[in-house]
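Structure first, commentary second.
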Number of protein chains: 2
Amino acid sequence: MSFPDNLKPKEPSGPSLLERERRQSPVAVDALGKHIFSGTGFLERQARVLAAMEKEPLFDKSQQQQLSRIERVKLGLARGKLMRRLQEKHGWDMDDYHMAAYLLGEQSPYRLHVGMFRTTIEEQSSDAQRAYWMPRVDGWQISGTYSQTELGHGSNVRGVELEARWDPSAKEFVVHSPTLTAAKWWNGSLGRTANHAILMAQLLVPDPKRQGQYISYGPQAFIAQIRDTKTHLPLKGIVIGDIGVKIGFTSMDNGYMLFNQFRIPHSALLSRYVQLDPETSVFSKSPNAALAYGTMTSIRTVLVEEAGTHLARAVTIAIRYAAIRQQFRDKDSQDPRSAELQVLDYPTVQVRLFPLLAAAFALQYTGKVMRQDYAKTRGEVEKGNLEGLAVMHSNSSGLKSLSTEITNAGIETCRRAMGGHGYGSGSGLVEMQKDYQAKPILEGDNWMITQQTSSFLIKRMTAAVKTQKEPPKDQTDAQLKGFLDRKDQGRTFDILNNDADIQESFKWRAASMTYDAYQARVVNKKRHNDLLIQFHKLSHAHSQSIMVSSFFSTLTSSNDLPRETKNVVFDLYRLFAYTTIQAESYEFLRCGAASAKDLDALPDRIQDLLSRIRPHAVNLVDAWQFPDYLLDSALGRYDGNVYEDLFNRAHRLNPLNEVVFNPDYKDDEIVKGSGERKPLSSKL
Amino acid sequence: MSFPDNLKPKEPSGPSLLERERRQSPVAVDALGKHIFSGTGFLERQARVLAAMEKEPLFDKSQQQQLSRIERVKLGLARGKLMRRLQEKHGWDMDDYHMAAYLLGEQSPYRLHVGMFRTTIEEQSSDAQRAYWMPRVDGWQISGTYSQTELGHGSNVRGVELEARWDPSAKEFVVHSPTLTAAKWWNGSLGRTANHAILMAQLLVPDPKRQGQYISYGPQAFIAQIRDTKTHLPLKGIVIGDIGVKIGFTSMDNGYMLFNQFRIPHSALLSRYVQLDPETSVFSKSPNAALAYGTMTSIRTVLVEEAGTHLARAVTIAIRYAAIRQQFRDKDSQDPRSAELQVLDYPTVQVRLFPLLAAAFALQYTGKVMRQDYAKTRGEVEKGNLEGLAVMHSNSSGLKSLSTEITNAGIETCRRAMGGHGYGSGSGLVEMQKDYQAKPILEGDNWMITQQTSSFLIKRMTAAVKTQKEPPKDQTDAQLKGFLDRKDQGRTFDILNNDADIQESFKWRAASMTYDAYQARVVNKKRHNDLLIQFHKLSHAHSQSIMVSSFFSTLTSSNDLPRETKNVVFDLYRLFAYTTIQAESYEFLRCGAASAKDLDALPDRIQDLLSRIRPHAVNLVDAWQFPDYLLDSALGRYDGNVYEDLFNRAHRLNPLNEVVFNPDYKDDEIVKGSGERKPLSSKL
């Protein structure tokens with residue numbers, strides 16, 4: 001036992017400070033938690049799966065960030081195997097399995113197998129293909145990936161270069177990469193793990209009218225074995241590998257793959273929505289092929305809710321730590337012996353963290369509304385009504401862009417609000433942030449996909465202008481026509497005193513910007529590309545409007561919260577709306593969604609909300625009930641033992657401290673006493 | 001030779017695209033490069049040092065991101081030794097040495113030795129101390145660190161808990177950590193490397209009037225040996241270690257340190273500005289003790305210029321890649337066979353990258369002006385005139401905050417503008433970004449230090465109000481009085497047509513916000529802490545004004561650029577100013593720094609500037625002349641061979657591809673054929 005073992009942090013301690021925070025606020029933590037997760041069984045599932053995981057030493061997180069890339073991927077594979085075994089052992093369903101992956105918090109090399117590989121087969125296979133493949137997939141007899149993006153093409157799926165050329169005589173497809181840029185690239189689980197892949201490749205079929213020519217039917221999905229099941233080496237004619245180090249996703253083997261005249265059978269073409277007649281070589285498409293887009297819409301919807309969870313994690317850590325960290329005495333205090341202030345008492349910390357606390361609630365409410373809407377739309381689609389799909393696709397695109405934007409920036413804001421310690425791995429944010437940095441550019445780049453939202457809105461505005469006198473046919477139509485009817489005389493919104501008016505103000509602004517975009521593109525026929533910046537802003541404005549409305553409507557209609565708690569959450573609603581307006585004050589002013597007088601009052605109003613929320617901050621984040629195992633954070637742990645934990649991680653758990661260095665620059669020896677002296681002129 | 005070796009990327013190739021870009025712009029790359037680095041000898045030094053470094057295999061960067069933490073620190077140490085040897089071999093001066101460190105681009109474990117350790121001894125030692133220590137420091141006979149921040153205290157230096165208690169009988173200081181939070185923490189080079197340290201500790205001297213009581217003289221700097229020079233183990237009574245993994249700074253051994261009644265001699269107290277009489281125990285302070293602040297001002301000044309360089313690196317990579325990457329055909333094009341557009345042609349990419357290109361120029365000009373001002377101020381200080389120090393301290397604080405803000409966010413924007421490949425290490429931004437993320441919170445947290453700027457401005461406004469009728473005594477006074485004289489009738493600024501008016505508009509806004517802050521704090525006596533958000537905004541507004549003015553004045557007065565080139569740089573000036581105004585439109589409107597009419601015209605004006613800058617983008621970044629070795633970027637390499645390089649890094653240089661996995665979840669074996677089967681139930 002050495003002397004640091006007897007040392008305690010200075011008083012007041014973290015636990016006592018958190019205890020005081022928890023006592024002082026009337027916010028009902030349990031009720032709020034149930035309210036947030038109502039109807040999902042989330043908290044019960046979390047507790048059950050966590051109990052099973054915490055028994056496994058392999059899931060211990062304390063050393064993983066120390067590892068080399070190779071060791072980290074190996075660990076990821078071992079954990080993936082264990083997770084699957086636990087699934088069998090405990091009879092976990094898919095939601096349980098995903099919960100385990102969420103709690104572990106790393107990208108598993110098997111992730112694509114249980115994700116896009118499985119989903120694509122399920123949704124795009126013919127019945128016969130499904131019957132053949134699904135048992136192999138769900139029994140993990142094979143291991144799969146989804147291969148779409150290439151070295152030279154990401155967002156533009158139609159531009160992928162990989163070819164699948166139909167050979168009618170052999171009744172096979174010849175898969176071939178004509179160029180280096182045709183290399184499949186970024187595909188998760190491909191680099192070292194998968195032995196099967198869904199391939200997106202340009203389907204080329206011989207042109208019956210022109211000898212030696214091919215007709216292109218655009219990118220289609222094929223399933224193919226890519227590695228030998230015995231040796232696990234790539235099959236002849238295929239080259240595969242891992243693409244290397246990334247910002248995050250360290251445990252994931254994102255891969256590349258090239259084909260040299262590789263043959264796959266006719267049955268490889270996934271044939272639910274498209275078919276190629278093996279006898280006549282005639283290609284056909286089902287009328288409901290658009291349904292294939294449903295997968296992307298669903299993924300984007302999940303990303304919105306996930307943005308809320310991830311932001312909530314970061315905010316939980318930052319707020320707990322800010323309640324414990326103390327810094328400087330009050331400059332206006334008369335007492336020179338007054339204690340240093342809790343960092344959470346500074347408006348400069350509040351103004352960074354509380355709007356994010358509010359945004360996390362907004363994202364969670366929005367995600368919930370989206371999830372319910374999506375289920376409803378799927379139901380309609382099954383009945384043959386595809387109309388809702390376009391709205392869902394538009395909303396999910398805009399919201400995916402906005403929400404991952406908010407969370408990506410929000411995690412960075414939280415980490416910086418924690419000062420020096422926020423930069424260390426004891427924050428629990430280091431790996432989470434690095435992994436999250438992928439979200440704004442995956443599943444549709446955040447700038448690119450806002451075109452989908454704005455195109456939809458412009459289309460709807462065009463229709464609304466044409467049918468202005470007719471009754472609105474749906475919610476979007478009503479909102480746009482409401483604007484058209486009043487745009488000349490204008491409207492006023494009492495954003496400072498009327499919660500409902502706040503959401504109306506956001507709707508008005510979004511409609512006004514939609515009208516401007518419609519004018520520019522449809523009436524004045526400006527070039528599409530010249531309007532992209534405007535489209536992006538429009539999409540964000542529309543998405544903000546959805547977030548504000550989802551927050552307001554869900555909260556207003558809920559009756560599962562004690563009044564005092566609900567009032568505090570209403571303050572979060574206002575804070576989210578006001579800070580959003582403030583950042584775009586001039587835009588709100590221009591279109592008449594807010595008055596100069598109200599905008600001038602916003603800074604004081606926001607500061608007032610910050611101090612009203614302040615006493616409840618710790619209870620509000622407690623309501624999310626993140627387990628310490630998930631957070632893996634010295635700064636954000638529930639009990640507040642921040643400094644002991646930081647010291648423990650450094651002093652007892654850091655393997656670097658077992659190595660003694662030789663700092664003498666004249667000596668080639670690096671590890672003191674090792675006697676190993678590799679000349680410094682050689683490579684590492 | 002396998003088939004991928006014969007594959008080429010699709011046409012047009014990166015080299016041909018860059019060649020076209022370079023041909024089409026009249027921007028004089030060499031002249032602009034000389035203009036940017038004029039008077040610094042930077043380019044000559046870069047070429048010379050680079051030539052020496054490129055010969056050393058140890059400086060090869062291709063594998064470093066694959067390493068475990070331990071291996072990476074070892075590599076850092078080996079490289080640090082080699083760098084020192086090269087310094088001796090080539091007779092490098094300190095600027096050459098720092099150039100080498102810059103080109104290598106990682107945090108060396110010796111960094112504090114050549115940085116704060118050396119600087120502090122040089123600046124705060126008595127002549128006798130300097131004579132004793134400096135040869136040992138410069139000869140690398142010892143290895144040092146600077147120990148200030150603690151587990152419980154960072155920004156509030158006065159709050160450090162480590163004690164140095166004077167023992168008059170032994171004539172020694174007793175250094176002791178009374179609590180766990182008193183542990184020194186974050187100190188670079190401490191964890192594994194240093195054997196000496198500058199210690200910031202509370203100087204406690206026995207109170208002659210009260211037996212057993214001590215008088216505290218606040219934190220003072222001491223020098224102490226901390227590790228045994230033979231064994232390199234901590235001396236008895238000291239515990240030292242590395243604090244663990246961080247976001248970046250992987251090669252750096254940031255450390256912790258605790259003391260248990262550890263004794264150091266009287267000569268340990270650095271005694272240029274403070275003295276303790278060993279016989280009488282009387283403590284005294286020099287009148288010019290404030291000079292010790294000079295170091296921080298100097299460091300912050302360097303950070304401003306460094307922010308420019310780092311942003312320029314990111315922008316160089318992003319712009320070159322965007323000129324090569326092609327994505328989607330023009331939606332308005334009639335030709336279905338038209339090529340995909342270069343990503344750089346999209347306004348949505350331009351609007352992200354070109355304002356940063358402009359900001360990098362702005363930061364570099366500002367850094368240059370700051371550097372010159374600082375030299376001038378130091379000269380004045382030597383002559384006993386301390387007045388300039390306050391302005392420098394204020395400006396360097398505000399600009400450190402704003403500039404590291406711009407660059408930290410800017411790197412992320414650049415990396416995201418590169419889509420998927422921006423997330424991979426082939427971007428060359430991964431380690432740079434992770435390291436840079438420390439800048440906003442080090443050397444004065446970005447939110448905290450803006451108080452120093454605003455306090456200064458409020459003080460000066462208070463004086464200006466009092467002496468409004470007197471002639472201005474310096475530049476700041478003139479600016480504030482100019483505002484006071486005209487604030488009631490207002491002024492108009494023709495920001496759209498007059499470059500000089502742009503900078504006047506920024507000055508007006510900063511003065512107006514200074515006046516508001518003065519009103520709130522001095523006249524209405526609002527609480528300091530309640531005004532912190534306002535202070536932060538004020539500091540940024542003032543700093544933006546300095547940046548715009550530095551840009552304008554340097555460019556206007558320079559005569560080393562061909563007219564066409566200068567015109568393009570003027571467009572960057574406008575773009576920087578307009579996008580800055582646009583982000584704060586409402587603020588400019590409110591204080592009369594810009595009219596609603598002009599603000600409404602900004603979006604079109606900005607888009608027009610984007611398309612005017614577009615043809616010159618590649619030449620503009622070429623002017624910075626970043627060597628490929630520094631960039632270490634497949635995406636940003638000078639020759640444009642993006643895809644070959646990405647593929648090479650993955651296919652030939654990635655060691656993970658030498659490991660074949662066993663993906664069968666029922667099998668404990670991880671590496672195929674290794675036969676190694678560690679039960680999955682054990683720890684990693």
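Reminder, nothing fancy here: chain letters follow the sequence lines and each chain counts from 1.
Within the 4.5 Å cutoff, the side chain of H536(A) has no heavy atoms near those of the V351(B) side chain. In this structure the side chain of Y110(B) reaches within 4.5 angstrom of the side chain of K81(B), judged on heavy atoms. Between I70(B) and K74(B), some side-chain heavy-atom pair lies under the 4.5 Å cut-off. At a threshold of 4.5 Å between non-hydrogen side-chain atoms, the residues R590(A) and L599(B) do not count as touching. The shortest distance between side-chain heavy atoms of W186(B) and L442(B) does not fall below 4.5 Å. For the pair R192(A)/L77(A), no side-chain contact is recorded, criterion being any heavy-atom separation below 4.5 Å from C-beta on.
Residue Q582(B) touches chain A through its side chain alone, counting heavy-atom pairs closer than 4.5 Å. For chain B, the nearby parts of N156(A) are the backbone and the side chain; heavy atoms of each come within less than 4.5 Å. Looking at Q261(B), neither its backbone nor its side chain comes within 4.5 Å of chain A, counting heavy atoms on both sides. Neither the backbone nor the side chain of V349(A) comes within less than 4.5 Å of any heavy atom in chain B. In this structure, chain A has no heavy atom under 4.5 Å from any part of R227(B). Heavy atoms closer than 4.5 Å to chain B are found nowhere in L429(A), neither backbone nor side chain. With a 4.5 Å cut-off on non-hydrogen atoms, E340(B) touches chain A through its side chain but not through its backbone. Using a 4.5 Å cut-off between heavy atoms, E56(B) contacts chain A through its side chain alone, with no backbone atom that close. For D664(B), the part lying under 4.5 angstrom from a heavy atom of chain A is the backbone only. Proximity to chain A is limited to the backbone of P178(B), based on heavy atoms less than 4.5 angstrom apart. With a 4.5 Å cut-off on non-hydrogen atoms, L610(A) touches chain B through its side chain but not through its backbone. At a 4.5 Å heavy-atom cutoff, D345(A) makes no contact with chain B through either its backbone or its side chain. Of the atoms belonging to P109(A), not a single heavy atom falls under 4.5 Å from chain B. Neither the backbone nor the side chain of Q534(A) comes within contact range of chain B; no heavy atoms are under 4.5 Å apart. Both the backbone and the side chain of L258(B) come within contact range of chain A, each with at least one heavy atom under 4.5 Å from a heavy atom of that chain. Only the backbone of K666(B) comes within less than 4.5 Å of a heavy atom in chain A; its side chain stays farther off. With a 4.5 angstrom heavy-atom cutoff, R72(B) does not touch chain A via any of its atoms. For E161(A), the part lying near chain B is the side chain, with the backbone staying farther off; criterion is any non-hydrogen pair under 4.5 Å. Only the side chain of Q607(A) comes within less than 4.5 Å of a heavy atom of chain B; its backbone N, CA, C and O stay farther away. N254(B) does not touch chain A: none of its heavy atoms, backbone or side chain, sits under 4.5 Å away.
Among the candidates F647(B), Y346(B), Y256(B), the residue making the largest number of heavy-atom pairs closer than 4.5 Å to chain A is Y256(B). Among G244(A), P440(A), G426(A), the residue making the largest number of heavy-atom pairs under 4.5 Å with chain B is P440(A). Ranked by heavy-atom pairs under 4.5 Å with chain A, the first of N529(B), T450(B), I243(B) is N529(B). Heavy-atom pairs under 4.5 Å with chain A peak, among E587(B), E584(B), R649(B), H153(B), at H153(B). Contact count against chain A (heavy-atom pairs under 4.5 Å) is highest for A438(B) among G154(B), A438(B), S143(B), S585(B). With chain B as the partner, the residue from V430(A), L532(A), L656(A) showing the most heavy-atom pairs under 4.5 Å is L656(A). Of the residues considered (I533(B), D242(B), N654(B)), D242(B) shows the highest number of contacts with chain A, using heavy-atom pairs under 4.5 Å. Comparing G191(B), A417(B), G248(B), P655(B) by how many heavy-atom pairs each has under 4.5 Å with chain A, the most go to G248(B).
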Report task. Would you check, one step at a time, whether the test side chain to side chain donor-acceptor pair (under 3.5 Å) holds for Q65(B) with S425(B)? Result -> CA-CA 8 Å; Q65(B) 297 186 52; S425(B) 61; 4.7 Å; no
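Q63(B) places a side-chain N or O within donor-acceptor distance of the main-chain N or O of L653(B), the cut-off being under 3.5 Å. In this structure, D332(A) contributes its side chain and H528(B) its backbone to a donor-acceptor pair below 3.5 Å. The backbone N or O of I441(B) lies less than 3.5 Å from no partner atom in the side chain of R416(A), so there is not a single donor-acceptor pair.
With respect to the salt-bridge test (charged N to carboxylate O, under 4.0 angstrom), the residues D667(B) and K672(B) do not qualify.
W140(B) and H113(B) have perpendicular rings, their planes meeting at more than 60° on a 0 to 90° scale where under 30° would count as parallel.
Using a 3.5 Å distance cut-off with no hydrogens or angles, the side chains of T193(A) and D253(A) do pair a donor with an acceptor.
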